[in-house]
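Each chain gets a letter, A, B and so on, in the order its sequence line appears, and its residues count up from 1.
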Protein chains: 2
Amino acid sequence: MSARDALLDAYEAILLDDGVRAATLEAVAARAGVSKGGLLYHFPSKDALVAGLVARLEALAAEDRDRMRQAPEGAVRYYIRTSNWSGSSLDRALVATSQLAQESDVAARDVVARIGQEWLELIVEQIGDRAISRAILLIGDGLYYNAALTGGTYNTLTGEQSLEELLEVVDHLVELAGARRAS
Amino acid sequence: MSARDALLDAYEAILLDDGVRAATLEAVAARAGVSKGGLLYHFPSKDALVAGLVARLEALAAEDRDRMRQAPEGAVRYYIRTSNWSGSSLDRALVATSQLAQESDVAARDVVARIGQEWLELIVEQIGDRAISRAILLIGDGLYYNAALTGGTYNTLTGEQSLEELLEVVDHLVELAGARRAS
DNA sequence: GTCTATACGGGGATAGAC
DNA sequence: GTCTATCCCCGTATAGAC
């Protein structure tokens, strides 16, 4: 793994575990096993570090959209399943970046907003009804919110069973959208 | 208004507008129109300021539960309507405290978790089905997440219409819970 | 009850050695 | 490509004046 990636991993990890205040250059460098000077070679400023994280999130989200579009279970089920915390690269990058968005970081705020819009559009394409799509999107947002609160320490939906139950509820919403389309 | 309340208002406002990093003692004091020394008379440390915010949130949430229980429209509709950002005291205190929870502040994390559990219990009492209740809770969480991302700059559900549409979708979930109870 | 002055540590960033 | 040394600013907190 490149040193850059190791540094971004460390930055993410600290943001998730301890929050923005703890995510200092020194802490990030130490966690990645380099010195502050070493970090500043790869990322000449803190803004550069943020930009690196934003770029990583953007790439991961684009890959995820492809998988979501092609998911055999359907985009909606795929979206809900992957919104529950699993510790995936996308989970981590998104929750970490959300924290920066809350610090009024414009780049972070933009990318998080854009990703949400793209998800919404994909769901609308699949099920047709905008109000129901928004409700489904909000359920996923709720899962991310819960992950963010704990830094992804545990799933909101503990165990496979509650996720299955939630998916079943969401299936009903998809059916409802189908019924509305038919009428 | 007491000086204490003015200081807590200022703390909240900075947390919402600019995030935890900007919420320094000096910034809070300035926004409340007192000096740093003045602030430290009322709240002898930053931890005391956090504790003050947590206590305020707890009180507001307790009042809100009473209103939710007695809401003529039902607890679920009340919950969804008030989860959309309106700039209420509870909105502000909850989103501000959520940010502290993400900084691994134990007191903040506990109170936010507890409030969520109480909401869930209230909804379960009213509609019976736990999985559906959890889905409804997550929709509310999603609304809070969106408010938190922007510091409550705007509603996720712009305009009265999209809120009404969402409430309609949620009504279907409540109906579904009723149907499950009947069977 | 609120202010100023001051101490101290930590965070971001630069220069330059290796 | 990574390290140490150093600078300056800012955030927290204490002491004490008014």
Listing, residues 130-140 of chain A side-chain donor-acceptor contacts under 3.5 Å, not counting sequence neighbours, or none:
from: A:Arg130; atom 1: NH2; to: A:Glu121; atom 2: OE2; distance (Å): 3.0
from: A:Ser133; atom 1: OG; to: A:Asp129; atom 2: O; distance (Å): 2.6
from: A:Arg134; atom 1: NH2; to: B:Glu165; atom 2: OE1; distance (Å): 3.3

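- B:Ser83 approaches B:Leu143 most closely through the heavy-atom pair O-CB, 3.5 Å.
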Could you go through residues 24-40 of chain B and list every donor-acceptor pair under 3.5 Å that involves a side-chain atom there, pairing it with any protein atom two or more places apart or in another chain?
from: B:Thr24; atom 1: OG1; to: B:Ala27; atom 2: N; distance (Å): 3.1
from: B:Arg31; atom 1: NH1; to: B:Asp17; atom 2: OD2; distance (Å): 3.4
from: B:Arg31; atom 1: NH2; to: B:Asp17; atom 2: OD2; distance (Å): 3.1
from: B:Ser35; atom 1: OG; to: B:Gly37; atom 2: N; distance (Å): 3.4
from: B:Ser35; atom 1: OG; to: B:Gly38; atom 2: N; distance (Å): 3.3

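- Scored by the side-chain hydrogen bond (donor to acceptor under 3.5 Å, both in side chains) test, A:Asp105 finds no partners at all (sequence neighbours excluded).
- Minimum heavy-atom separation, A:Asp9 to A:Arg56: OD1-NH1, 2.8 Å.
- Each salt bridge (charged side-chain N to carboxylate O under 4.0 Å, His left out) pair with one or both residues in residues 77-103 of chain A, not counting sequence neighbours, appears once here: A:Glu12-A:Arg92, A:Glu73-A:Arg81, A:Arg77-A:Asp171.
- Residues passing the ring pair (Phe, Tyr, Trp, His ring centres under 6.0 Å) test with A:Tyr79 are A:Trp119, sequence neighbours excluded.
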Take A:Glu164 and A:Leu167 through the side-chain contact (heavy atoms from CB on, under 4.5 Å) test and state the conclusion after the steps. CA-CA 5 Å; A:Glu164 279 310 317; A:Leu167 284 170; 3.9 Å; yes
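- Residues of residues 25-44 of chain B that place a heavy atom closer than 4.0 Å to DNA chain D, in numerical order, are B:Leu25, B:Lys36, B:Leu40.
- Under the rule for a side-chain hydrogen bond (donor to acceptor under 3.5 Å, both in side chains), the partners of A:Tyr145 that lie at least two apart in sequence or sit in another chain are B:Ser98.
- Proximity of residues 46-57 of chain B to DNA chain C (heavy atom under 4.0 angstrom from any strand atom) is not detected for any residue.
- For DNA chain D, no neighbouring residue in residues 97-109 of chain B is found when judged by any heavy atom under 4.0 Å.
- The two residues A:Leu53 and A:Ala96 make their nearest non-hydrogen contact at CD2-CB, 4.1 Å.
- No side-chain heavy atom of A:Thr153 sits under 4.5 Å from any side-chain heavy atom of A:Trp85.
- Remark: nothing in residues 14-22 of chain A comes within less than 4.0 Å of DNA chain C through any heavy atom.
- Minimum interatomic distance between A:Asp141 and B:Gly142 (heavy atoms only, all atoms of both residues): CB-CA, 3.7 Å.
- Bounding nucleotides for the chain B contact on DNA chain C, 5' to 3', at a heavy-atom distance below 4.0 Å, are C:dG1 to C:dG12.
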Does the pair A:Tyr144 and A:Asn84 meet the rule for a side chain to side chain donor-acceptor pair (under 3.5 Å), with working shown? CA-CA 7 Å; A:Tyr144 274 111; A:Asn84 193 30; over 6 Å; no
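- A salt bridge links B:Glu168 with A:Arg180; the closest basic N to acidic carboxylate O contact falls under 4.0 Å.
- For the salt bridge (charged side-chain N to carboxylate O under 4.0 Å, His left out) condition, no pair includes a residue of residues 37-52 of chain B, sequence neighbours left out.
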